[in-house]
Amino acid sequence: MGIKQFPKDFIWGVATSAYQIEGAWNEDGKGESTWDHFTHQPHRIINNDTGDVACDHYHRMPEDVQLIKNLGVNSYRFSVAWPRILPDGKGKANDKGLDFYDRLVDEVLKAGLQPNLTLNHWDLPQALEEKGGWSNRDTVDRFVEYADIMFKRLGDRVDIWATHNEPWVIAFLNYGQGMFAPGISDYSRAYQAVHHLMLSHGKAVQVFRQGAYRGQIGIVVNLSWFEPATDHEQDLAAYRRAIMNQESLFIDPLYKGCYPAELIEWLGPMAPRVEPGDMEIIQQPIDYLGINHYSSARIVYQHHSNFLKFGSLDLIEPGMGHTSMGWGIYPDGLRKLLIDISKKYNYPPLMIAENGCAMPDQLTAAGKVNDNRRISYLQHYLNAAYQAIQAGVNLKAYYQWSLMDNFEWSSGYSQRFGLVYVDYATQKRTPKKSYNWYRKVVKNNGLEE
Ligand code: IFM
């Protein structure tokens, strides 16, 4: 049997984030995060679940790193809980918080893995939220102070850094739709948050370059693959707005130093306030662009849907159905997306920072999880990534989301994304069938044909 080989130095990994796995929400001097605050309110999350304990990773970190080592991957993507470092969002850093990530990075290195550290995977210190959070320009400088602390502490050992994970989600689900913490529905604030997230990214990259640290730095955006539903002018225009709002709004400033003019004009008074010099700061050269990809859709004009007046119809590969999140499975969307982004932005180095699926996994009486649909999902999406590389995409890495089942934001623990099953009552970890399948892919540095 032949192997579809990935490039020689390809990075294979798994990803997690602090709030979703760590627990220990108020231990060792950690401050309250927006997600602590949000989940402690009734009816925000399915079953009123919280991340108070989550996978108890804070206390089980060496065991979890061992699971990653045994998987054979060469990198681990995780995030730092900002309020563990700066409980009040500013001032003196919390030594115990820093010590935890120090130990984690050392453990990851000892296991022969490259650390890939995300500074902001959504858990903002609540103290900063109370002053306006990401819609307050002051948060930009608070983030840069925090980033500087982390660079100084771990810059000698971390290989890959990301400033933010999914700024689209932070801006639009947190401040626009109000579905995520802090639960605010105000699109003017959401667009202002976009600008502050991008500005804080640029400033943090400047600080990173000044420190001449050894690693690479980039940002991670979430991108679905979109196609216009028809070639009618209204659908085509709706499609352009969808693309601008998801993609160009975040990627154009990085590579072209501007926001998409057509979208800014459409937004009118909702457009963010930008100060002179901001766009130059955002356009700092980055080492890679991280992409999180989960779904694809056809875009239609819909007058009553939202102020951008577009609706989306899931694209689904015949026979592949949906994940348990209800997201259509369309692997070719990943191939098309990677090629499209590469062409638009002149073939930058790309990393798939997240891809994976929630499935209705069951632990059998024999203590096994036979998650064949996840294997099929990963097989197809990795094949799409392989085809994109063959087409010239400069893809450096693939991180599967996620190492283990964890707290899936507003869905709480109802969704299982892991290669490892977590029994939350006992915290027992059980590698699923897909864990062994992925191990083989990594070992072969490719897919069996
Ligand atoms: O669990 C999330 C992750 O935190 C960010 N990207 C999407 C994943 C699945 O919803």
Side-chain angles (χ1 to χ4, degrees), residues 13-23 33-36 38-39 44-46 49-51 54-55 57 76-82 116-124 134 162-174 177 179-181 197 218-225 246-247 250 289-297 314 322-330 333-334 337 350-361 371 373-374 377-378 381 397-422 424 434:
V14 280
T16 63
S17 88
Y19 187 75
Q20 293 178 273
I21 64 168
E22 283 180 2
S33 76
T34 46
W35 274 91
D36 295 320
F38 190 68
T39 58
R44 292 293 200 178
I45 311 293
I46 290 182
D49 287 341
T50 74
C55 305
H57 170 76
Y76 174 42
R77 176 172 183 246
F78 58 91
S79 78
V80 172
W82 181 351
N116 178 337
L117 185 159
T118 299
L119 290 164
N120 173 23
H121 198 126
W122 309 355
D123 40 0
L124 180 74
W134 282 111
T163 50
H164 301 295
N165 183 69
E166 302 184 355
W168 181 96
V169 170
I170 301 173
F172 296 126
L173 298 194
N174 296 10
Q177 290 181 25
M179 184 176 138
F180 281 2
L197 284 156
I219 184 170
V220 176
V221 294
N222 53 302
L223 298 178
S224 297
W225 167 248
Q246 175 202 238
E247 184 181 294
F250 300 93
L289 177 71
I291 294 179
N292 293 351
H293 176 76
Y294 290 94
S295 61
S296 297
D314 269 10
H322 293 85
T323 72
S324 42
M325 291 294 281
W327 300 341
I329 304 178
Y330 186 68
L334 176 61
L337 175 74
L350 301 178
M351 296 194 190
I352 297 174
E354 288 180 25
N355 170 246
C357 57
M359 288 290 169
D361 301 323
D371 55 340
R373 283 196 68 212
R374 178 170 292 102
Y377 177 105
L378 294 175
Y381 276 86
Y398 176 90
Y399 290 86
Q400 192 276 342
W401 182 270
S402 177
L403 165 67
M404 58 187 160
D405 298 336
N406 58 49
F407 178 83
E408 179 52 28
W409 308 112
S410 50
S411 304
Y413 298 100
S414 67
Q415 300 290 332
R416 293 183 176 273
F417 273 91
L419 294 178
V420 174
Y421 185 92
V422 177
Y424 295 106
S434 58

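Ligands are counted one by one from 1 in listed order, and the atoms in each one are counted from 1 as well. Just so it is clear, the structure is predicted and the values come from calculations on it, not from any experiment.
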Side-chain donor/acceptor of N165 to backbone N/O of V220, under 3.5 Å:
no
N406 side chain to I21 backbone, donor-acceptor under 3.5 Å
no
Taking the side chain as every heavy atom from C-beta outward, state whether I45 and T50 have any atom pair closer than 4.5 Å.
no
Heavy-atom contacts under 4.0 Å to ligand 1, chain-then-number order, include exactly Q20, H121, W122, N165, E166, Y294, W327, E354, W401, E408, W409, F417
Give a yes or no on whether the ring-centroid distance for F180 and W122 is below 6.0 angstrom.
yes
Residues Y398, L378; criterion side-chain contact (heavy atoms from CB on, under 4.5 Å); working and verdict:
CA-CA 11 Å; Y398 176 90; L378 294 175; 3.4 Å; yes
D361 pairs by salt bridge (Lys or Arg N to Asp or Glu O under 4.0 Å) with which of R373, R374, R416?
R374
